[in-house]
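The chains referred to below are lettered A, B, ... by the order of the sequence lines, with proteins before strands, and numbering in each begins at 1. Just so you know, these numbers come straight off a predicted model, no measurement behind them.
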Amino acid sequence: LQQQHEDLSAKKLRLTKPSKSAALHVDLCKATSPADALQYLLQFARKPVEVESVEGVVRILLEHYYKENDASVRLKIASLLGLLSKTAGFSPDCIVDDAINTLQNEKSHQVLAQLLDTLLVIGTKLTENPSVRMRLVEVACKHLTDSSHGVRNKCLQLIGCLGPVEKGAAKEAESQAARDVQKIIGDHFNDQDPRVRTAAIKAMLQLHERGLKLQQAIYSEACKLLADDYEQVRSAAVQLIWVLSQLYPESIVPIPSSNEEIRLVDDAFGKICHMVSDGSWVVRVQAAKLLGSMQQVSSHFLEQTLDKKLMSDLRRKRTAHERAKELYSSGEFSSGRKWGDDAPKEEIDTGAVNLIESGACGAFVHGLEDEMYEVRIAAVEALCMLAQSSPSFAEKCLDFLVDMFNDEIEEVRLQSIHTMRKISNNITLREDQLDTVLAVLEDSSRDIREALHELLCCTNVSTKEGIHLALVELLKNLTKYPTDRESIWKCLKFLGSRHPTLVLPLVPELLSTHPFFDTPEPDMDDPAYIAVLVLIFNAAKSCPTMPALFSDHTFRHYAYLRDSLSHLVPPLRLPGRKLVSSPVSPSIAPHEDPSQQFLHQSLERVYNLQHLDPQGIQELLEFTIRDLQRLGELQSELAGMADFTATYLQCQLLLTKALQEKLWNVAAPLYVKQNALASAAAKQILEETYKMEFMYSGVESRQVVIIHHMRLQAKALQLIVTARTTRGAEPLFGMCEKFLQEVDSFQRCFISELPHMQGSFVDKLLDLMPRLVTSKPSEVVKILQTTLRQSTFLHLPLPEQLHRATANIIEPTGESDNPLRFTSGLVVALDVDATLEHVQDPQGTVKVQVLYPDGQAQIIHPKPADFRNPGPGRHRLITQVYLSHTAWTEPCQIEVRLLLAYNSNRSKASAKMPKSTWSESLETLPQPENGIEGTIPFSKPVKVFIMPKPARR
Amino acid sequence: MPEIKVTPLGAGQDVGRSCILVSIAGKNVMLDCGMHMGYNDDRRFPDFSYITQNGRLTDFLDCVIISHFHLDHCGALPYFSEMVGYDGPIYMTHPTKAICPILLEDYRKITVDKKGEINFFTSQMIKDCMKKVVAVHLHQTVQVDEELEIKAYYAGHVLGAAMFQIKVGCESVVYTGDYNMTPDRHLGAAWIDKCRPDLLISESTYATTIRDSKRCRERDFLKKVHETVERGGKVLIPVFALGRAQELCILLETFWERMNLKAPIYFSTGLTEKANHYYKLFITWTNQKIRKTFVQRNMFEFKHIKAFDRAFADNPGPMVVFATPGMLHAGQSLQIFKKWAGNEKNMVIMPGYCVQGTVGHKILSGQRKLEMEGRQILEVKMQVEYMSFSAHADAKGIMQLIRQAEPRNVLLVHGEAKKMEFLKQKIEQEFHVSCYMPANGETTTIFTNPSIPVDISLGLLKRETALGLLPDVRKPQLMHGTLILKDNSFRLVSPEQALKELGLTEHQLRFTCRVHIQDPRKEHETVLRVYNHLKGVLKDYSVQHLPDGSITVESILIQATAHSEDQGTKVLLVSWTYQDEELGSYLTSLLKKGLPQST
């Protein structure tokens, strides 16, 4: 009889909710054993449920829940309830009561825990409903006395996530409840189960994250938890202490076993420092990380972290650092004899030695020596953050950072070099420190060396010996690793300009000039000589007496380098060389760079001369483009800007040229062949516009409009050319349609920009739109042609910063004559090393292309981990490309190049729109434009010899 | 009262021939069995006759534990097991078991072949001895017999060095052996969990030293070596074949590679290959870096370090030589030292601790003229440097370990008495635990207060916890039950079950008490008044008025009768079982105060 009844209800449901729910219900009823039912539920859980039927499904599940005797099935149902309430668009209001009711008679702890989890999900979906939240919290509080840790765990989690955090005078009762929540959670700090203790602390932290101000009273409780037996409790407790120290930094807490009192943040700092020598490395990492963000700590405590009072046989001993410093300050260092003995000095009073202070003593010394490199890295990071906020601490921690340059793990070394760079404004390196720093230049890892070059760029050196040492080491580095050339030159540029007075006495030695004898002229192409010159010229910039020391050839070399490496060699005021020094005349405002002025002037010229005869326009454009390109080569900082505008002018030039073609005046059938120029121009403009849009970083929406506009013009041109050359209106019809759609979408995307485009092509086109839509293709073409000719040239506004994405393949060099041999059918790995500049999101866009001699092309997507980010705007790609081919008889060259992939979905115009409408607009506007994907080659191709050999049998 | 007895046979207020006897809960364990570097007579081995004058040692010892392969911790082992006679189990870790026989054989060769001693253990004896060894893994609990169990923790002193926890029932002792709390180039740091032993036996070599960071030490070392080599001098580094040697090799190897130095580095032969072989094998015992990178390159495959030949010592030009043994007391290192001592360009770097009486100790303490065998006087002109590379925990490290393990007592061995004194005072002051430092042969007795585990029946536990709040580990809780002591085990069961098991019938014990109350009213009225009174006072209890005229408070019965002589006095009969003693006595005292004046 019962069977019948269920069938009936199933039918009823089928009427209202046709899909899922009914099927599930039938399945569940069919289940003969719990195992069966579980299977059905598992299957059910694999498929998503539509929003409309969620409620129905929930009801069925609940119904079944009450009937079910087996705990595992109930558990699964409970978890399904949670899963279902997560369904997007479903509001779980309606099932709150039912879900709470299920808790009532539940005996199994596991199911209870799962149900509470479900309630948590429901509660998080209904955050705007305080009454529901209060109810859920009450339910959770009730179950806090459960004997199972799992249930208590979930209860605490729920209270933490949903407990009331609002405060204010208006809601007195609420704030009362809030206090209760803290108390309730606080009571569980002493739970017998470590998991519950952890959950309690986490819940407390959750409350803090949600904006509840924790009470200071729990500080002492939290301190006790630091001595817990379990690492997860300690780890969470450290976090809690940190939070409290940030909330109440200035409160005063007593020191136990004495009558003294200290600031809370200092006390907390000491306690966290203590945890840096905890038994568990997880806690150590946690503690070391948090130390970095405790900037309010008083300097006295901070400096203790680097102090570890040494002793030997109960006599005070100075650390090697102290000794080094003393030797240095006594001037003994340069004698080069010995490093002084570390004989222990004065006797220590045994009573005064405190071996295990609760204070911060030596926390960083321990952290930096830790066994696990994770801890060391965390400690270095913390050092960095603290040093940035305290110059005196920066000075003190220098020795330790320098020591870390010799760590056995590369990551740690790298991290400490970066850290040092970040704090380098606050410090001056001593010679012995510089010595250690420079020793790292021989490191075989390129990352490390480059990081070190960066560091040297912004380091202050105190003596001329230091400069000399640095130069010698850098030159050594250069001979050992010639690929570091650029980076070393750049490093020396900064080194020179920072320390002109220190370089001055070194000049004769460096240039090997002699007061009486002429010395042979050095080889101008020697990278080492260039490096020396870069150092000297940059120093000479702010040291007018230096050029007097130069010999004749030095001046010649200056002129050469100033021209060929203008980004490294500054303009100098040299005696007898007025031409060179004139640009730096004080009449020009310092911020107005002459080259920038030139750029703007030439652009002005172009834009102003709107109504010149076509021939004149063409010539002017050609000149300007040439000027701009040259400017870009000379001035690296303006290169992006110049190239960008040059490209734009190029497009305009092409368009003008195409429109000047005679073909327009002749009858269509006569010049089928001659249209090559016009259609090629259209194609090239299209390509160039994509380059402009995607290859430059810093392009703003104002520019995007212009670019799109240019593209639209190119498309119009294409249409006209096609119309001219094809017979019959059939294909034209579709094309016109498409074009009009594009105009439409252009209007939609850039509606806000349209007012700025008076008199432009699109402006005129939009005026004619009603006519266009109704007219025939041939007429459309005619209209387009006239508008295209009449439309004015749009002014391209320049953004503040514009950089062109560039890539340079360092490896393979393409110079090797030895072919890479491998057996055909197998793969060979080719190491590719490239630097990328100004590429946004390189992980997603940069691809490697391999072109085989047979025309076969292969595109490889490098792994995200292959990209490193050595500095802002710069990336490095170090990856391996797998090559394979069938056997060849002779070695042949393949081409490797980098591509920049673009996708107009990602274009700036669409990214600008709000996210919610974004997906809709995609659906409603199935524009072909939106889906265009392509690649732009942006590096010089490199040729690699390879030779696949036939496999030996 | 249960006690733990500790008697050091060696290493008590001394460094060398570590050998400590521990009796714990009736089990006797010997920790380490080492020799003393400073002596060549009978004093070099521990005095095993202390354990027994006659009879097999096996009968008196349950097991022997060797912490690591250094000879001052295992050098006397073949003598002890084969010549004195011990057949019980010997425990050590796998690397120790692998490397120990090599060192013993080396030691035997030097003593017998070089010095011509007789009556020393033979190679066969070493082999036989090693057959008795049981190897253990880290953190593996080994059941020596039914009650005694041991567990090894990582000690970081040398490859395979371990700390051992010895546990009988609830009493436990941790023996640290030698350990190092700061990681180095090839080993990690010692680690122990919060095992709260009754006694921690810790080494205290550097009891009065707090060392500089290891990076400074490393840099100093490299700098000294580099300078000497650039000057064209020769550097002698006396090391023990295994342990520090490998660390320094890794250090120099990487430095040589980085600085592109050409001066040759030699390692005295014989032991090298075998030793490095074992280092390559036991990668899991090394530090994080080596463990992680060994797939690309095993750090123990040295490129720059070559085997040493005796003839090389006379070669001109700079060189670096690692030679054994580490304290310059014999062997190759001493030979080379004699050759090079005269040149002030040369340098000897002592990277470790030197026992009193060795040449190493003499030159370190500043002696410039040494009396060698055969009345020769050797003048030392070469530079003598000391770099503390030996991997012992310094004072801070020892304190850190104590903090980690939280022992109830600490006992210091393997150190000098004067220095121990200082550390002892510090430990007592900061951890408030008692600390001992017995001399050799002196017995320390520690009284323990072990907790005794009792099995409780689930029914009883549930019943009792249902009564009270949740159990709290931090607070003792009162519970009722019957403790049964049977077959050497304790059980806590409910009284009913205990009765059943013992075949006894339950007797009920009731207390009755008469309380006289002056009340002229009728009996049932008195009863009613009493009822109302009690109901008013005992709000939390169930007070009932039964139809037969009696009152029950929980299970306590109260009846009222008129006094046979004086009708004005009512006699209240209060009766309760002994379980309700508390409530019953409270009730009588309450009733004795009389009833409140009725209104």
Considering non-hydrogen atoms only, spot the tightest contact between B:Gln288 and A:Glu371 and give its length.
->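 Nearest pair, atom of B:Gln288 first, then A:Glu371: OE1-O, 3.3 Å.
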Grab the two heavy atoms, one from A:Asp228 and one from B:Lys194, that are nearest each other, plus how far apart they are.
->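 Shortest heavy-atom separation between A:Asp228 and B:Lys194 comes out as O-NZ, 3.4 Å.
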Begin from the C-alpha positions of B:Lys292 and A:Tyr373 and carry the test side-chain contact (heavy atoms from CB on, under 4.5 Å) through to its verdict.
-> CA-CA 11 Å; B:Lys292 285 201 169 163; A:Tyr373 80 92; 3.6 Å; yes
Please say whether more than 12 non-hydrogen atoms of neighbouring residues, nucleotides or ligands are located less than 6.0 Å from CZ in B:Phe302.
->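 Enclosed.
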Residue A:Tyr230 excluded, over 12 heavy atoms near OH under 6.0 Å |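 For A:Tyr230, atom OH is not crowded (no more than 12 foreign heavy atoms under 6.0 Å).
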Structural part of A:Asp370 lying under 4.5 Å from a heavy atom of chain B |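 For A:Asp370, the contact with chain B is made by the backbone alone.
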Atom pair [atom1] ([X]) and [atom2] ([Y]), whose distance is rounded to the nearest 0.5 Å:
{"X": "B:Gln400", "Y": "A:His366", "atom1": "CD", "atom2": "NE2", "result": "6.0 Å"}
{"X": "B:Asp193", "Y": "A:Glu231", "atom1": "CG", "atom2": "CD", "result": "11.5 Å"}
{"X": "B:Met181", "Y": "A:Ser277", "atom1": "CE", "atom2": "OG", "result": "8.5 Å"}

Please walk me through it: do B:Lys396 and A:Val365 pass side-chain contact (heavy atoms from CB on, under 4.5 Å)?
-> CA-CA 12 Å; B:Lys396 268 206 160 176; A:Val365 181; over 6 Å; no
Applying salt bridge (charged side-chain N to carboxylate O under 4.0 Å, His left out), run through B:Arg196 and A:Asp229 and close with a yes or a no.
-> CA-CA 11 Å; B:Arg196 300 195 172 92; A:Asp229 283 9; 2.7 Å; yes
Heavy-atom contact with chain A under 4.5 Å, split by part of B:Lys289 |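 B:Lys289 touches chain A through backbone and side-chain heavy atoms alike.
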CA sep, side-chain torsions, deciding dist, call: B:Arg403, A:Asp278, salt bridge (charged side-chain N to carboxylate O under 4.0 Å, His left out) | CA-CA 9 Å; B:Arg403 189 160 69 95; A:Asp278 191 84; 5.9 Å; no
